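Following: one structure in C-alpha cells, then a few remarks.
Source: prediction; values computed, not measured.
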Amino acid sequence: MFTVLWMTFLFFLWGSTTYTVESALGRPSCYNGYCITLNEGEISAEAGLCVVIPCSFTTADGFTPKSIVWFKCDSWKGRCGDPDKVFHINRNKVPPEFLGRVLQLDPDVSQGNCSIMINDLTTSDSGSYQLRVNGLYYGRSDGFTFSSRTILSVKDLNQKPSLTIPPLTEGQQATLTCTAPGLCSGSPPIITWMWRGKEEIEANITGNTTTSFKTENLTAVTQRHSLILTFNSSAKHHDTNVTCKVSFMSGITTEETVTLKVNYKRQPQISGKTTVKEGDDLNLTCNVESFPQSVVVWTKHSGSGIYFQNNTGSATLVIWNVTAEDSGRYVCTATHLNETVSVYGDVKVTWFSKILKGSECVLQSALLTCVCITEGFPLPTVTWPLLKDHTEYSVINTVLNHTVNSTVIMSLENLHYVSVECYSSHENEEAKETLTVQEYFTEKEAIQSKTTLEKVFSLEVIVAFLIGVLLSAIICHLAVKCNRKALKKSENEDETLEVISQHDPLIDDGQEVQNDQSLVQEETENVPMAGEKWASEISNDPKDVQYASIDFSIMKRRSAKEATKEQASSLTEYAEIKTRPKEQRKDSTEEGSETLEGEEDLVTKHDEEMKYCLSEDQSEVEAVYSTVKDVLDEI
C-alpha cells in the first residue's frame with residue numbers, strides 16, 4: 001500500500017516538473033535476483049529548478065537493504081566510484097556541490113523506494129546516475145550496485161512564474177499572486193514585483209500596498225513559493241505592465257510580465273456647440289472613457305424619441321440644417337457593466353423673424369400709442385429712439401412663447417411725428433421698422449372737426465369772393481379812370497360839361513328844345529366817341545351803376561356859381577366828371593370851330609393817353625363822383 005502511494009506521488013512530481021520520461025516505471029532490470037526499475041529514457045530538467053529521479057528495486061533472498069547510494073559519472077565509465085557520490089547517508093562522503101541538494105524521498109529503503117530529488121539544478125548536474133543498495137546479506141554487510149543507469153539533462157531555465165490576477169475594479173482592493181516555477185524543497189527563491197520595469201513596487205503603486213511571501217508544503221519534500229501583492233486598484237493602473245521576477249540559486253532568474261486591466265468608467269462628456277443658428281448643422285459627440293467600452297445611446301426628450309447608438313465608447317449626433325423644432329434636451333446614456341449613467345445637453349436653436357405685421361402707431365385724443373411686435377429665440381430686445389426726447393411715457397412689454405409685444409404710450413399736445421421708429425435687436429442681428437402714425441377721432445371730435453372744416457371752408461369761400469369783387473372793382477375803377485382821363489383832356493380843348501341839378505326843369509317847349517338841341521349838337525359833335533359809349537352802357541335798371549349818355553339839349557344851362565356848388569356836393573365814388581372853371585369857357589361858335597380844326601389831333605392824343613392812363617398818379621385828377629340815380633333825379 002505504501003508503494004502505491006509513492007507511485008502516485010511520483011506521478012504528481014513528474015507532472016509538476018518539466019523533465020520528461022517515456023514511462024513512469026520502466027521495465028525492471030534484474031541480475032542474480034536483484035532488480036531495479038528506472039526511467040528508460042532521458043530525464044530533462046531546467047536549471048534553477050528541481051528534478052525527481054524515480055526509482056524502485058528488489059533484492060535477492062537473504063539480503064536486507066539498509067541504505068542507498070547514488071553516483072553520477074560519465075556514461076562511458078563502466079562503474080562509478082566513490083568520488084562520484086552525490087547522495088549518501090553519511091554527509092561527509094558527499095561532495096560539497098551536492099551536499100544538501102539531493103534528498104531521498106523515502107528514508108525507509110525496505111519499501112524498495114530509491115527515488116531522489118535534486119534541488120537547485122545547474123547545467124553541471126547533467127550526467128549518468130547509478131544506484132547502489134547497501135545492506136546485510138544473511139547477517140553480513142554487503143551491497144549491490146545496479147548496472148542500469150538513468151540519464152539526466154539539465155538545460156537553461158525556460159519556465160515562467162505563474163501570475164494570478166483577478167478582475168480589477170477601480171476603487172476596490174486588488175490581490176496579485178506570483179508563484180515561482182517548480183515544487184522544490186530546496187532553497188526558497190527570491191520573488192520580486194516590478195512596476196513598469198522598476199523594482200520599487202511600493203513607490204510606483206500609491207495607496208495601501210503590501211507584499212507577503214508564502215510557502216506551501218505540499219508534501220514532505222515539495223513546496224510552493226509565492227509572493228502576494230495587495231493594493232487599491234485605480235484607472236491609472238489600467239493598461240499598466242506589472243512584472244514578477246524570480247531569482248534562484250547561482251543567479252538563475254526568470255520573470256513574467258502581464259498588463260493590468262482595471263474596470264473603470266468616467267462620466268460621459270458632451271463636446272460640440274449646443275447653441276446653433278437656424279439653418280446651421282448640429283454636431284454633438286458623447287464620449288465615455290471606460291473599460292470595457294460602454295454602450296452609448298443618444299435620446300431626445302420627445303414623444304417619439306430620437307436614438308443614435310454607437311458601441312465604440314462614443315456616439316456622435318449630427319442634425320443637418322436645424323430648425324427651431326430641433327431645440328430641446330438631448331440625453332447621452334452610457335451603460336457600463338450593467339450600470340447606467342446619463343448626462344444631457346440642452347440644444348438651443350436661435351432664430352429671428354424681424355418685426356411682425358401688426359406693429360403700428362395710433363394717435364387718439366392727444367394720446368400716442370405705438371405697438372412693436374417681434375419674435376425670436378432667445379427673446380429679442382425692443383428699443384424706441386423716440387423716448388430719448390421725452391421724460392413722461394410708459395412702456396409695457398409682454399412675452400408670449402417667443403413673441404415680444406412692446407407698447408409705448410405717451411401724451412402729445414401737438415403731433416410732431418408722422419412716423420415712429422422701432423428697433424429690435426437679437427444677439428448680432430438687428431431689425432428696424434418705421435411705423436406710420438394714424439389719427440383716430442371720437443364721434444364728438446369728428447363732429448367738431450367737421451364743423452370747423454365747414455367754417456374754414458365757408459370763410460375761405462367768402463374771402464375768395466371778396467377778393468374777387470375787390471379785384472373786379474379795382475380793374476373797373478382803373479378802366480373808368482383811364483376813360484375819364486381821356487375825356488377830360490378832350491373837354492379841355494372843347495368845352496366844359498355841366499351837370500344839370502335835379503331841381504332844374506327840362507324845357508318842354510318844342511321850339512326851345514329844338515334850339516337847345518342845335519346848340520348842344522354842335523358842342524357834342526366834337527366828342528362823338530364819348531357820347532356813343534354813354535349811349536351803349538346806360539341801363540334801364542336804376543340799381544346798377546352805369547355811365548349815362550345825357551342829352552344836353554333838354555337841359556338848361558346853369559350859372560358857374562351854381563355848377564361849382566353842385567359839384568362840391570355831388571362827389572361820390574361811382575363817377576367822376578372833370579369840370580373846368582367858368583371863366584375858361586368860350587363862345588359855342590368859337591369852340592365849334594376849334595373842335596373841327598383839332599379833331600384829328602384829339603383822336604391821336606386820346607389813343608396815346610389810353611396806353612398810359614393806368615400808371616398816372618391819382619392825385620393829378622380831381623374827381624367828382626355821382627351815381628346814376630343822382631343823374632336821373634336831376635333830369
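A distance of 8.5 Å separates CD of Q269 from SG of C286, quoted to the nearest 0.5 Å.
Between P292 and L337, some side-chain heavy-atom pair lies under the 4.5 Å cut-off. Using a 4.5 Å cut-off on side-chain heavy atoms (C-beta onward), N287 and P268 make no contact. Side chains of F57 and T37 form no contact here, defined as non-hydrogen atoms less than 4.5 Å apart. A 4.5 Å side-chain heavy-atom check between V133 and V109 finds every atom pair outside the cut-off. Between S406 and I396, every side-chain heavy-atom pair lies at or beyond the 4.5 Å cut-off. The shortest distance between side-chain heavy atoms of V246 and I190 does not fall below 4.5 Å.
Under a 4.0 Å N-O distance rule, the pair D346/R329 qualifies as a salt bridge. Look at K72 and D125 and you find no salt bridge, because none of the NZ, NE, NH1 or NH2 atoms lies under 4.0 Å from a carboxylate O. Classification of K160 and E255 as a salt-bridged pair fails, no side-chain N sitting under 4.0 Å from a carboxylate O. Under the 4.0 Å criterion applied to side-chain N and carboxylate O atoms, E170 and R266 are assigned as salt-bridge partners. Using a 4.0 Å cut-off between charged side-chain N and carboxylate O, D82 and K85 make a salt bridge.
Within a 6.0 Å sphere centred on OH of Y31, other residues, nucleotides and ligands contribute 12 heavy atoms or fewer. Remark: K348 NZ is loosely packed, at most 12 non-hydrogen atoms of other residues, nucleotides or ligands lying under 6.0 Å away. Residue-environment remark: CG (N90) exceeds the threshold of 12 foreign heavy atoms within 6.0 Å.
Judged by the 6.0 Å distance and 45° axis criteria, K261 is positioned over the aromatic ring of F291.
Side-chain rings of F63 and Y34 approach one another, their centers coming within less than 6.0 Å. Aromatic ring centres of W351 and H426: separated by at least 6.0 Å. You'll find the ring centres of W195 and F231 inside the 6.0 Å limit.
Nearest heavy atom pair, residue N119 against residue C184, reads OD1-CB, 3.5 Å.
Side-chain contact of T164 with T177: a donor-acceptor pair under 3.5 Å is absent, judged by distance alone.
Using a distance-only test at 3.5 Å, with no hydrogens or angles considered, a donor-acceptor pair links the side chain of S115 to the main chain of C55.
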